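Notes follow once the structure below has been shown.
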Amino acid sequence: MRLILLCNSPPSLSPPPPQSAARSPPFKTPALSFDSPSPSKFPIITQTLSTTLLSVALSLGLFYSYPSNLIALESSTLVKPSPSLTEFSTPKQESNCRDEENYTTTDDDKLKETVTNEEIVEEAWEIVNEGFLDTGRHRWSPDSWLKKKEDILGTSIQTRSRAHDVIRRMLASLGDPYTRFLAPSEFSKMTRYDISGIGINLREIEDDGGKMTLKVLGLILDGPAHTAGVRQGDELLSINGVDVRGKSSFEASSLLQGPSETFVNIMVKHGNCGPVQSIAVQRQSIAKSPVFYRLEQVKNVSDPVGYVRIREFNALARKDLVTAMRKLQEMGASYFVLDLRDNLGGLVQAGIEIAKLFLNEGETVTYTVGRDPLYVKNIVAETKPLFTAPTIVLVNKNTASASEIVATALHDNCRAVLVGERTYGKGLIQSVFELNDGSGMVVTIGKYVTPNHVDINGNGVEPDFHNIPGKISSFLF
């Protein structure tokens, strides 16, 4: 069974109906919606952001543009390419050096043939039993779920399609719109989702010594990396001379990204025993910049305002945001407006990394909560903030998921005020699990909780200001 973490954007633009979110043991949350903070909660911002500044920054000519769906699924096939490669000398390996994982289709097909229909259903049942988090509908309990298993497996399941139908109905009974079954063709497309810009999908794997390594999980057939000679199962060692051992797949993907048609040099090790090869790969325009920015000089105000809009969170978002804000600072911007309206989310890790740019070392970005202790974490900023200028974050009913993580991280740590409408309220964590016949499941296994221990799922975030009077409101809404 293979596990891939992801965060889905909401399935529609219509906010879900308010619901009572389940309390999680690590946090005692007296209320599930934000109260407007008193001025004392913003000692830095309130001294600098006067009513005049707030009005100025909000009177910009803003626009709406729904972002395209972030997960653009590829129709190419995962392969194990075998081009001729230039081998480099490697240190002598121990005699027990084992072969790399076998990714060939032949072995996968053999495994699928040996798995019974009942075993596939039981595997799906076990995934839910071990990790599913009921987020407030209260339809799941250990006793009822065990009874469902006994009822389902009490009869013979004759065909594979019948087994898949059983899993679909089993998951539907949970009442969670995000927990769903993936047919083999759907799962295959999801594993080929590329954020690297060179046509590979990376995953993090611990080696025998407990150190984190990055392996090529999937290749896009005839994509840049495949054409250059990267193999399925290769270990990624460095990118443009930067050692990536110990880095996350997101960090590595960000380093791989760059302008279309430019080259990136990567060092890979083929299999566990080598050889090691340096490969130059030409980038393609797979991910587009989600950042738009401009400098605004408003009448009767001496200092210009930097306006930055993030349409979605992809692998380019952090890098392009840093570039935009630095340029705006060089142009004289003393204050910033960060527009997250109509941003439905995208890569959660991208949102987390962007929030860290504004926070002090040790401040909480978000908490994650789940039944499995693996998903109970306090995610904090590790370094000093890159940007400390007063900031306003614009939100609306379509601000969701990763956008809500960024907005609440800045808000709860007194780094920004929120202006606009109540947000969507999508704070769940889904994981994708591969079943042994090549199908898969998306299962809700956790949720994000704000630094102030507020559960936003199904409730959203109430802004500090949303009734903007007179001429200002005509520019915004």
Side-chain angles (χ1 to χ4, degrees), residues 1-17 19 21-22 69-75 112 115 117-141 144-145 148-149 151-153 157 159-193 201 217-218 344-348 368 370-372 375 400-402 424-448 457-458:
M1 179 177 69
R2 186 167 59 200
L3 169 64
I4 307 169
L5 288 179
L6 85 161
C7 175
N8 290 335
S9 294
S12 70
L13 293 179
S14 301
Q19 56 183 325
N69 188 2
L70 176 67
I71 301 183
L73 300 178
E74 300 289 343
S75 59
K112 295 171 187 176
V115 178
N117 298 324
E118 288 78 12
E119 287 172 338
I120 289 297
V121 172
E122 186 169 5
E123 184 183 10
W125 179 92
E126 190 64 37
I127 289 171
V128 174
N129 188 60
E130 291 181 354
F132 174 71
L133 180 67
D134 189 342
T135 57
R137 297 177 183 271
H138 308 299
R139 296 188 183 183
W140 186 91
S141 70
S144 64
W145 195 242
K148 186 173 291 292
K149 175 184 176 181
D151 293 342
I152 291 173
L153 297 180
I157 302 174
T159 65
R160 188 53 51 92
S161 61
R162 169 65 176 167
H164 290 172
D165 287 340
V166 169
I167 295 173
R168 287 189 182 95
R169 290 196 299 271
M170 186 169 65
L171 298 182
S173 70
L174 298 171
D176 178 11
Y178 303 104
T179 296
R180 61 194 186 278
F181 174 77
L182 300 173
S185 60
E186 295 173 308
F187 180 81
S188 177
K189 289 178 180 179
M190 184 166 286
T191 61
R192 288 194 298 274
Y193 169 46
N201 193 347
L217 166 68
L344 298 176
L347 297 178
V348 170
T368 61
R371 288 174 55 215
D372 189 330
Y375 303 118
S401 193
Y424 183 94
K426 167 67 165 66
L428 300 180
I429 306 170
Q430 280 81 43
S431 290
V432 180
F433 297 85
E434 182 180 21
L435 302 179
N436 282 326
D437 69 340
S439 62
M441 295 164 54
V442 180
V443 180
T444 297
I445 48 82
K447 60 183 176 181
Y448 293 97
N457 191 62

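Positions are given from 1 along the sequence. This one's a predicted model, so the numbers in the text were calculated from it and none came from an experiment. FYI, side chains are in, hydrogens and waters are out, and symmetry mates aren't considered; it's all heavy atoms of this structure.
Between the side chain of R371 and the main chain of N129, a donor-acceptor pair closer than 3.5 Å is present. A donor-acceptor pair is defined here as one N or O able to donate and one able to accept, closer than 3.5 Å; no such pair exists between the side chain of E126 and the backbone of E123. With hydrogens and angles disregarded, no donor-acceptor distance shorter than 3.5 Å links the side chain of E118 to the backbone of L153. T179 places a side-chain N or O within 3.5 Å of a backbone atom of T444 that can act as its donor or acceptor partner.
Taking the ring axis of Y178 as reference, the NZ or CZ atom of K426 stays within 45° of it and closer than 6.0 Å to the ring centre.
Between E130 and W125, every side-chain heavy-atom pair lies at or beyond the 4.5 Å cut-off. Taking the side chain as every heavy atom from C-beta outward, L435 and I127 approach each other to under 4.5 Å. The shortest distance between side-chain heavy atoms of D437 and N117 does not fall below 4.5 Å. Looking only at side-chain heavy atoms (C-beta outward), L182 and M441 stay at 4.5 Å or farther from each other. At a threshold of 4.5 Å between non-hydrogen side-chain atoms, the residues F433 and S439 do not count as touching. Under the 4.5 Å side-chain criterion, counting only non-hydrogen atoms from C-beta, R160 is in contact with I120. Residues N457 and T135 meet the side-chain proximity criterion, which asks for heavy atoms closer than 4.5 Å.
The distance from atom CG of L133 to atom CD of Q430, rounded to the nearest 0.5 Å, is 10.5 Å. Going from atom NZ of K148 over to atom OG of S141 covers 10.5 Å, rounded to the nearest 0.5 Å.
Applying the side chain to side chain contact (heavy atoms under 4.5 Å, CB included) test to D165 and every residue at least two apart in sequence or in another chain returns R168, R169. Residues passing the side-chain hydrogen bond (donor to acceptor under 3.5 Å, both in side chains) test with E119, sequence neighbours excluded: T116.
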Subject >> Working for side-chain contact (heavy atoms from CB on, under 4.5 Å), residues I445 and F132 >> reply: CA-CA 5 Å; I445 48 82; F132 174 71; 5.9 Å; no

**OP:** Kindly indicate, with the supporting measurements, whether the criterion side-chain contact (heavy atoms from CB on, under 4.5 Å) is fulfilled by V443 and S431.
**Re:** CA-CA 5 Å; V443 180; S431 290; 5.8 Å; no

Original post:
Can you list the steps and then say if Y448 with L428 is a side-chain contact (heavy atoms from CB on, under 4.5 Å)?
Top reply: CA-CA 6 Å; Y448 293 97; L428 300 180; over 6 Å; no

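Across every non-hydrogen atom of W140 and V128, the tightest pair is NE1-CG1, 3.8 Å. Nearest heavy atom pair, residue S401 against residue L344, reads CB-O, 3.8 Å. W145 approaches S173 most closely through the heavy-atom pair CZ3-OG, 4.1 Å.
The aromatic rings of H164 and F181 sit tilted relative to each other, their planes meeting at an angle between 30° and 60°.
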